[in-house]
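Just so you know, these numbers use all the heavy atoms, side chains as well, and skip hydrogens, waters and symmetry mates. Lettering follows sequence order; numbering is per chain, from 1.
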There are 2 protein chains.
Amino acid sequence: MVVMKQARHPEPDEMTLIEVMAALSDPIRVGLARVLADGRERGWGELRAPVAKSTLSHHLRVLRDAGVTRTRQEGTRCFVKLRRSDLDARFPGLLNAVLTAAHSDDVGDRVGLTDKPSAG
Amino acid sequence: MVVMKQARHPEPDEMTLIEVMAALSDPIRVGLARVLADGRERGWGELRAPVAKSTLSHHLRVLRDAGVTRTRQEGTRCFVKLRRSDLDARFPGLLNAVLTAAHSDDVGDRVGLTDKPSAG
DNA sequence: TAGCTTGTTCGATGTTTCACGAACGTCGAA
DNA sequence: TTCGACGTTCGTGAAACATCGAACAAGCTA
């Protein structure tokens, strides 16, 4: 892969409420957040969503740029996890409120995990 | 005015997380929510925002359609207020988290009130 | 009736977003 | 070195969005 030329991981003080809200106003991205809500790091290939891989890459980038997730590379693989403590520190209660609402409404339920092992 | 032909006030069970998140991912609209955060009903004309009145009308409609605010007409005037209890019941903690974050980051600080009396 | 006020709606414009397939660059394996 | 797997990026198009000014409709007021 092209080693994420322009993707950034903002520091907590660089995160903006507007960007986080925008990142979490798409069902696919909320679904991704739900999948990662248990705090475990997941491999890119584990993620299952009803979109093409380029579109999934786009959504993961939006989440990453907003500071919602962190992406780590290992060789040619990527692993993604939720930046829960950073988000909680920066925007207290926000992530929990969104995840709770998403759970009770089944928002993003078309996003899930494959049966592949997480390789980690 | 044209008596709000298509604007709707969704019932709590018709509100969607995605729509509420989208409504609250614009600085003007977050600013409006902040202005209304004290629970008081405000007259349209009291609201001050750095946009044309047609744009302000648009933003108020997005908030209304999402269920964030309620608009009431009285003669030729409109009054707006936050639907806090409905939102709290539907998406617990969400509004407070957003308002807290917006306050600490001064999101939407270009939105405010005129010095006009609220007429109510 | 005529005129003013008040928001909404319309139409146009430019930007952003979402989506896809294809091409690409990097890594590890053969 | 050749090959395949893995994500990212590019190019493109459709749709959504933010914004404005102008036109409009409904209610006061003179």
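Atoms CZ (B:Arg110) and P (D:dA18) sit 16 Å apart, rounded to a whole Å. Taking atom CG of A:Asp26 as the reference point, atom C1' of D:dC17 lies 15 Å away to the nearest angstrom. Taking atom CZ of A:Arg29 as the reference point, atom C1' of C:dA19 lies 12 Å away to the nearest angstrom. Between A:Gln73 atom CD and C:dG28 atom P there is a gap of 11 Å when expressed in whole angstrom units. Atom-to-atom, CG of A:Asp65 to P of C:dT17 comes out at 10 Å; the value is rounded to the nearest Å. Between the CZ atom of B:Phe79 and the C1' atom of D:dG27 there is a distance of 13 Å, given to the nearest Å. In this entry the distance linking CD of A:Glu74 with C1' of D:dG7 reads 15 Å, nearest Å. We find that CE of A:Met21 is positioned 15 Å from P of D:dC17, with the value rounded to whole Å.
Looking at A:Leu82, A:Val20, A:Thr100 one by one, the single match for side chain to side chain contact (heavy atoms under 4.5 Å, CB included) with A:Leu95 turns out to be A:Leu82.
Residues A:Asp38 and A:Arg34 are not paired through a salt bridge, judged by the lack of any N-O separation under 4.0 Å between the basic side chain and the carboxylate. Between B:Glu14 and B:Arg8, at least one side-chain N (NZ, or NE/NH1/NH2) sits under 4.0 Å from a carboxylate O, which counts as a salt bridge. A salt bridge links A:Arg90 with B:Asp105: at least one charged nitrogen is closer than 4.0 Å to a carboxylate oxygen.
In this structure, A:Arg83 contributes its side chain and A:Thr69 its backbone to no donor-acceptor pair below 3.5 Å. In this structure, A:Ser25 contributes its side chain and A:Met21 its backbone to a donor-acceptor pair below 3.5 Å.
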Would you tabulate the pairs of protein nitrogen or oxygen atoms and nucleotide nitrogen or oxygen atoms of nucleotides 11-13 of chain D closer than 3.5 angstrom?
none

Please list, pair by pair, any protein nitrogen or oxygen found under 3.5 Å from a nitrogen or oxygen in nucleotides 20-22 of chain D.
| from | atom 1 | to | atom 2 | distance (Å) |
| --- | --- | --- | --- | --- |
| D:dC20 | OP2 | B:Ala52 | N | 2.6 |
| D:dC20 | OP2 | B:Thr55 | OG1 | 3.0 |
| D:dG21 | N7 | B:Ser54 | OG | 3.4 |
| D:dG21 | O6 | B:Ser54 | OG | 2.9 |

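Of all heavy-atom pairs between A:Val35 and A:Gly112, the closest is CG2-CA, 3.8 Å.
Note on B:His58: a base of the nucleic acid sits closer than 4.0 angstrom, heavy atoms only.
Phosphate contact (OP1/OP2 of D:dG27, side-chain N/O of B:Thr76, threshold under 4.0 Å): absent. Contact annotation: A:Arg77 side-chain N/O to D:dT8 OP1/OP2 distance is not under 4.0 Å. Considering only side-chain N and O atoms, A:His59 lies under 4.0 angstrom from the phosphate OP1 or OP2 of C:dA19. The phosphate of C:dG7 has neither OP1 nor OP2 within less than 4.0 Å of any side-chain N or O from B:Arg61. Side-chain N/O atoms of A:Trp44 include none lying less than 4.0 angstrom from OP1 or OP2 on D:dA5.
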Go through the steps to decide whether B:His9 and B:Arg70 satisfy the test side-chain hydrogen bond (donor to acceptor under 3.5 Å, both in side chains), and finish with yes or no. CA-CA 7 Å; B:His9 288 102; B:Arg70 186 177 294 283; 4.6 Å; no
Does the pair B:Leu113 and B:Leu47 meet the rule for a side chain to side chain contact (heavy atoms under 4.5 Å, CB included), with working shown? CA-CA 5 Å; B:Leu113 294 172; B:Leu47 303 173; 4.0 Å; yes
